[in-house]
Structure formats: structure tokens, C-alpha cells
Amino acid sequence: MPEVDKEGKDYCLNVPVDNSGFFLKGCNSLDWGIKNRLARIFNPATGRTVMLAIDHGYFQGPTTGLERIDAKIMPFAEHADTLMLTRGILRANVPPSYSKPVVLRASGGPSILRELSNEEIAMSMEDALRLNASALAIQVFIGGEFETRSVHNMTRLVDQGLRYGMPILAVTAVGKEMARDARYFRLACRICAELGAHYVKTYYVPEDFETVTASCPVPIVMAGGKKIGELEALTMAYNAVQQGASGVDMGRNIFQSEAPIAMLKAVKAVVHENLMPQQAFEMYNDLK
Ligand code: R5P
């Protein structure tokens with residue numbers, strides 16, 4: 001038996017208990033475990049994140065820049081706030097000493113040779129917990145051929161996530177035939193949030209993006225999309241966070257850049273320090 005200690009006397013009677021809410025929009029009623037995981041992904045000081053997405057191989061194989069993740073991505077992956085990837089690449093290429101949070105791709109099925117919206121949940125919650133994931137990402141195809149299936153995949157994963165304290169990121173996937181405008185993204189993001197997603201990844205649109213973030217009750221992270229010029233990509237990231245996004249989840253515009261570390265650092269400055277696009281571009285050029 002340990003020695004019995006004296007009863008404490010310092011009850012901090014003049015210090016009010018901190019009852020302030022959680023720092024992320026719409027997340028205050030979540031349980032401690034989900035909040036704790038979200039606070040690893042999003043920086044509590046800025047409320048924002050820079051996720052590096054390298055999960056493209058799950059439906060399109062060895063994408064340009066991702067041919068050898070061990071050789072081409074891991075040397076700079078520590079500079080991202082969060083890494084988004086598949087469990088296969090995590091186990092094969094990411095050392096367990098990697099210290100940043102990981103968001104695991106949890107849906108899959110069809111390849112680029114087939115109808116992409118025909119996805120299923122592609123990993124168990126048990127494996128996500130075994131891998132110490134900080135969130136799971138799942139594609140939602142609003143307006144797509146298998147819209148209902150993809151929405152139900154998400155709601156099933158949300159139910160499992162709530163049971164085990166795992167945040168679920170809904171990724172809005174846009175079919176080739178659909179207009180990428182604010183009206184579509186308001187619809188898609190709002191459906192994901194209403195049905196339980198803890199945060200949503202969606203594309204930036206130059207017109208009325210602030211209505212997409214305003215009408216989504218949970219945080220939105222901006223998807224990067226196809227490789228564009230560095231200044232253009234930094235401008236897009238800047239506009240997205242200024243218009244209410246809680247960060248970015250960018251892939252090709254970082255790992256297909258001529259200087260990925262410089263680009264990642266410039267994006268982080270835009271997201272966390274509100275650096276203006278032109279200054280961030282100068283930073284990129286200085287660092288590269
Ligand atoms: C696409 O389905 C994946 O979720 C990618 O992670 C996502 O599109 C982000 O990558 P990128 O910025 O290259 O579009």
C-alpha cells in the first residue's frame with residue numbers, strides 16, 4: 001500500500017473554471033476523444049490545418065509525384081500539419097516514429113476504369129484505431145450515380161466514429177458532368193454536415209465560396225485539385241481561408257511542385273499567418 005498523503009488545501013478558489021467552448025466550429029458537442037483527435041489535425045492556436053493529401057493511388061495507381069512515396073514524399077512529410085493517405089501506404093512507407101497526425105482514406109472500390117461513385121467503406125474502425133488514426137476520410141458523391149450508397153457509407157462510418165471517438169472527414173467528389181459552382185458545393189457540404197460528418201473537404205470556387213463555408217455548420221478544408229501555377233495555388237488557398245475555410249488539404253499542388261518543401265512552407269504561411277499570396281510566392285521562390 002502506498003503511504004497515505006495529506007489532503008490538499010489549495011482549491012484555487014479565486015480562479016474561475018474555464019467553461020469556454022471548443023475552438024472548432026460546430027464541434028462543441030462532440031465527445032472528448034473526437035475533440036482531442038481534431039485538435040491534433042487543426043492547430044488550436046489558429047483553428048486551421050495544412051493537410052498533405054497523398055491518397056490518390058487508391059483509385060488511380062501511381063500518380064505523378066507519388067510513384068515512390070518513401071523516396072519522394074517522406075523526406076518532407078514532417079512539414080505538413082497532417083498526412084492524408086491509405087493504410088497500405090502508411091504501413092509500407094511511413095515509419096512508426098512519424099509524429100504528425102494521419103487521416104486515413106476509408107473508402108474505395110472502383111478504379112479510374114470504372115464508375116467512381118460506386119464505392120464502399122474500405123477499412124474497419126478497429127484497424128483505424130490500431131493504426132492510431134486521427135480521422136477517417138470518405139468520399140461522398142452528391143448527384144453521382146451511386147449518391148445514396150456513398151451517403152450511407154458516410155453515415156455508417158460516422159456512427160462507428162462516434163462509438164469510438166474517431167472524427168470523419170467527408171470529401172465531396174464532383175462528377176465530370178456536374179457544375180463546380182457554389183450552389184453545388186453548398187448542397188454537397190451541407191448534406192455531409194447534416195448527416196454527421198465532423199469536417200468536410202471541398203473545392204474552392206471563385207464566386208460565393210463564403211456562402212459555402214457559411215452554410216456548412218462544421219469546418220471546411222479546401223481541396224487542392226489539379227496542378228496549377230504556384231502563385232495561383234497560393235492565391236486560391238489564401239482566398240479560401242479568408243472566406244471561411246479552416247485550412248487546406250492539398251496534394252498535387254504541393255508534391256508536383258518543382259520545390260515541394262518550399263511550397264508546403266508557403267502554404268502554411270498563408271493558412272496559419274494570413275500571409276498575402278504575392279508575399280507567399282516570394283517566400284516560395286526564396287526557399288526553393
Ligand atoms: C481525391 O479523391 C483525394 O481525396 C485527394 O486526396 C484529393 O483530391 C486531394 O488531392 P489534390 O489536391 O491533388 O486534388
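No hydrogens, no waters, no symmetry mates; every other heavy atom, side chains included, goes into these values. Please read all numbers here as calculations on a predicted model, not as lab measurements. Just follow the structure's listing: the first ligand is 1, and inside any ligand the first atom is 1.
Not a single N or O atom of Tyr58, backbone or side chain, sits closer than 3.5 Å to an N or O atom of ligand 1. For Gly251, a nitrogen or oxygen atom sits less than 3.5 Å from a nitrogen or oxygen atom of ligand 1, counting backbone and side chain alike. Considering backbone and side-chain N/O of Val171, none are found under 3.5 Å from N/O of ligand 1. Between Asn253 and ligand 1, not a single N/O pair is under 3.5 Å apart.
Although no hydrogens or angles enter the test, the distance criterion places no donor-acceptor pair under 3.5 Å between the side chain of Thr82 and the main chain of Val50. Checked by atom type and distance alone, the side chain of Tyr98 pairs as donor or acceptor with a backbone atom of Ala77 at under 3.5 Å. No side-chain donor-acceptor contact under 3.5 Å links Arg37 to the backbone of Pro167.
Between Phe42 and Tyr199, the ring planes are perpendicular. Angles over 60° get that label, and only those under 30° would be called parallel. Using the six-membered ring where Trp is involved, Phe185 and Tyr203 have ring planes that are tilted, between 30° and 60° apart.
Dense packing is recorded around CZ of Arg91, with more than 12 heavy atoms of other residues, nucleotides or ligands lying under 6.0 Å away. Within 6.0 Å of CZ on Arg130 lie more than 12 heavy atoms contributed by other residues, nucleotides or ligands.
Taking 4.0 Å as the cut-off, Gly225 counts as a neighbour of ligand 1 on heavy-atom distance. Contact between Gln139 and ligand 1 is present, with at least one heavy atom of the residue lying under 4.0 Å from the ligand.
Between atom 11 (P) of ligand 1 and the options His56, Lys226, Gln60, the minimum heavy-atom separation is to His56. Within the set Arg105, Lys201, Arg252, Met51, the minimum heavy-atom distance to atom 9 (C) of ligand 1 is found for Lys201.
Protein heavy atom closest to atom 6 (O) of ligand 1, with residue, atom name and distance, is Asp55 OD1, 2.3 Å.
Gln256 and Thr64 share no side-chain donor-acceptor pair at under 3.5 Å.
Each of the atoms 12 (O) of ligand 1 lies under 4.0 Å from some heavy atom of Met250. Close approach to Ala53 involves these atoms of ligand 1, each under 4.0 Å from a residue heavy atom: 6 (O), 9 (C), 10 (O). Close contacts between ligand 1 and Gly224 involve ligand atoms 12 (O) [criterion: under 4.0 Å to a heavy atom].
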